[in-house]
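Heads up: the structure comes next, in structure tokens.
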There are 2 protein chains.
Amino acid sequence: MNLKQLSKNLGLSQTTVSRALNGYPEVSEATRNRVRLAADQYNYSPSTRAKGLATGKALAIGHVIPLSSQHEVVNPIFADFIAGAGETYARNGYEMTLTMVEDTQEESIYRGMHSRRSVDGVVVHSPRMNDTRIPLLNEIGLPFVVHGRATGATAPYSWLDVNNKRAFHRAAKFLIDLGHRRIGLINGLEDMDFAHRRRTGYQDALRENGIKIDPTLMRSGEMTENFGHRYTRELLALPNPPTAIMTSSLISAMGARRAIEDAGLVMGRDVSVITHDDVLSYLGNGDDVPIYTATRSSVREAGRQLAEMLLTEIESPHRGTQNVLLEAELMVGQSTGPAPKI
Amino acid sequence: MNLKQLSKNLGLSQTTVSRALNGYPEVSEATRNRVRLAADQYNYSPSTRAKGLATGKALAIGHVIPLSSQHEVVNPIFADFIAGAGETYARNGYEMTLTMVEDTQEESIYRGMHSRRSVDGVVVHSPRMNDTRIPLLNEIGLPFVVHGRATGATAPYSWLDVNNKRAFHRAAKFLIDLGHRRIGLINGLEDMDFAHRRRTGYQDALRENGIKIDPTLMRSGEMTENFGHRYTRELLALPNPPTAIMTSSLISAMGARRAIEDAGLVMGRDVSVITHDDVLSYLGNGDDVPIYTATRSSVREAGRQLAEMLLTEIESPHRGTQNVLLEAELMVGQSTGPAPKI
DNA sequence: TTAGACGTTCAAAGCGCTTTCAATTTTGAC
DNA sequence: GTCAAAATTGAAAGCGCTTTGAACGTCTAA
């Protein structure tokens, strides 16, 4: 069923039917109802493609997910983020198109999206330090919002980020207050912007408390269980091992815990652990009392909000950039305790 | 830049330019090269919408991800599956559109996709017992393939599945051979088809070996860490607790391990664990020696293959249905050992 | 020389919608 | 009952592409 047939069935012009369905005021309520009824009955809904052609909008948002070419790891937070964003799109009649792409060829993907006008805007995931995508998108004039920030970007742009620096500052301070002096950091990849900020927060807290920063206690890699395990094992094998470890995700924290137990130690007693918790739906941090002490911020909620920001960006382009900085909660769980006496 | 402008610049008709770019034979090589060069230079690529309108194809595949309305859990395997499928689509010039939807309103989503012709086909995720989506899609004539199978479906349809029944049969047999007699099962939700098949495999193995099936040893729920933990704790608290536990995902297995250790027991010595491992990129099962003994099958590879099946389905609709049954490997890790003597 | 064949190009219609501008009907004030 | 204004409807153009059917040269064979 298409507009033409529907309007013929109703004995109306395509114009009127189109207007009736799109809520234009110059249609009498009587005919509007008649049209709506018929549309329902014949299960008519307009072709997105034709509508897009006619209006010049795609009614679609692009998400380009970078697959780090070396590791082929899909960022585990992405599913929940997308779920959040998807809710917003559904509510507003937008579709979401997803592209998984090796980080080496992102540029051509964005250019393509723009020149074939297949999306009205994009969400930039996993921004890196001095991310090239931001100037690129500004240049080609494709509306975008960034999940995170990119240190080094000069022009203004819209972003939503967690206050990673403060979160890790607070977490480190929390450990220091418990008497810990040797604190390890198992971070995301160093060129990721969030990892940089977290490290800064961590280092600031140490410095402010007169603790010398020891590069041997810092590791960075993909946020997988295996990396968490491997790095923790390495840290615990040091001549002067840390009494506490901070990790960048619940998943690597699980790896850390495994390594701690492999070493015959007890998490929360011998080695404290604080992690960042993205509140992934399939990876709760304990039922009642949190297992891990964690800096906590829902990535799903971030998805919802960021999608909303993008839609307003698209619908009123001259509003200027929007910036949202979410504060992470610091939830105390069972993985932290006072530094063991020597 | 659009076709009209490009062809004007070249002093050619839209027809010729279109044909040149789409590889039609009736264009001389000289002009084809000239056109290609210009298209490159002006960074021209055709509007998907217009192309879709003109050809009647959407060049897009829909993935509808059900969010169980009770739990709001995003299936953790979905990110890796999508990554696999995405590779196939990218290679073939298709886009992927994603819809997250409460499982109660899936039907209207599929109908909508079809009537507005926004996709050429869909992938059905997480099929349930007697899944209603299969007859629905057959009825409306939207090409589809299923990731998994749906017991109870009468008409033929294309699917790709892991041999869940045999995998769990083998795993259970493996435990029985190690002397285990009380084996717990922590399964996915019971109305999921894969969970049903796994339970059947498990029960068959027990029965064939003269072990009575004990419903108190069987649990099912979302495949989260918390459920794995809770159910394992319940099982271990039974008057006559199991000496081995089978779980449906690495994530719930991690929960199981936590519960085992909370109880002061050692996994692999006091309680054996076998899990299914979907080979998620962010959740490796150990580096060298697997942590968990596991039935193993890459969901990313499944995504790649299933997408390919769908594309052939779309491009040659009258080929009949395709069915692929993948066998899971049984990888022996450190989480299993002989049943403890009483 | 001419007709047919071939290789190459083009004009125009059409895909399903929106939207401008014009036409028609209804309403309300006189 | 009349007429302008308001309300309602419609014809047609246009969005950017593909594709049909026709046209134009150029060759080849008779």
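Computed from a predicted structure; not experimentally measured. Residue numbers start from 1 in every chain, and the chains themselves are labelled A, B, ... in the order their sequence lines are given, proteins ahead of strands.
Note: NZ (A:Lys8) to P (C:dG16) measures 12 Å, nearest angstrom. A straight line from CG of B:Leu59 to P of D:dT18 spans 10 Å, rounded to a whole angstrom. Distance B:Arg32 CZ to C:dG7 C1': 13 Å, rounded to the nearest Å. Counting to the nearest Å, the P atom of C:dG16 and the NE2 atom of B:His114 are 13 Å from each other. Between B:Arg117 atom CZ and C:dG16 atom P there is a gap of 7 Å when expressed in whole angstrom units. Straight-line distance from the CD atom of B:Gln14 to the P atom of D:dT20: 16 Å, rounded to whole Å. At whole-Å resolution of the value, CZ in B:Arg116 and C1' in C:dC17 are 13 Å apart. Between B:Lys4 atom NZ and C:dA11 atom P there is a gap of 12 Å when expressed in whole angstrom units.
Judged by distance alone, the side chains of A:Ser18 and A:Thr15 never bring a donor and an acceptor atom under 3.5 Å apart. No side-chain donor-acceptor contact under 3.5 Å links A:Thr97 and B:Glu95. Judged purely by distance below 3.5 Å, without hydrogens or angles, the side chains of A:Ser45 and B:Ser115 pair a donor atom with an acceptor atom.
Contacts with DNA chain C (heavy atom under 4.0 Å) in residues 50-57 of chain B: B:Leu53, B:Ala54, listed by number. Within residues 16-28 of chain B, the residues that have a heavy atom under 4.0 Å from DNA chain D are, in order of number, B:Ser18, B:Arg19, B:Asn22, B:Tyr24.
Counting only heavy atoms from C-beta on, A:Thr15 has its side chain closest to D:dA12 among D:dC17, D:dA12, C:dA11.
For the residue pair A:Gly141 and A:His114, the shortest heavy atom distance occurs at O-NE2, 4.3 Å. B:Met309 and B:Trp159 make their closest contact through CE-O, 3.4 Å (heavy atoms, listed as atom of the first residue, atom of the second, distance).
In this structure, A:Tyr44 and B:Leu12 both approach DNA chain C, and ranking their closest nucleotides by distance from the 5' end singles out B:Leu12.
Listed by chain and residue number, B:Glu87, B:Glu301 satisfy the side-chain hydrogen bond (donor to acceptor under 3.5 Å, both in side chains) test with B:Arg304 (two or more places apart in sequence, or in another chain). Taking B:Thr31 as the reference, B:Ser28 meet the side-chain hydrogen bond (donor to acceptor under 3.5 Å, both in side chains) condition, with sequence neighbours excluded.
Residue pairs meeting the side chain to side chain donor-acceptor pair (under 3.5 Å) criterion with at least one member in residues 123-143 of chain A, sequence neighbours excluded, are A:His63-A:His125, A:Glu106-A:Arg128, A:Glu106-A:Arg133, A:Asp131-A:Arg133. Residue pairs meeting the ring-ring contact (aromatic ring centres under 6.0 Å, His included) criterion with at least one member in residues 23-58 of chain A: none, sequence neighbours excluded.
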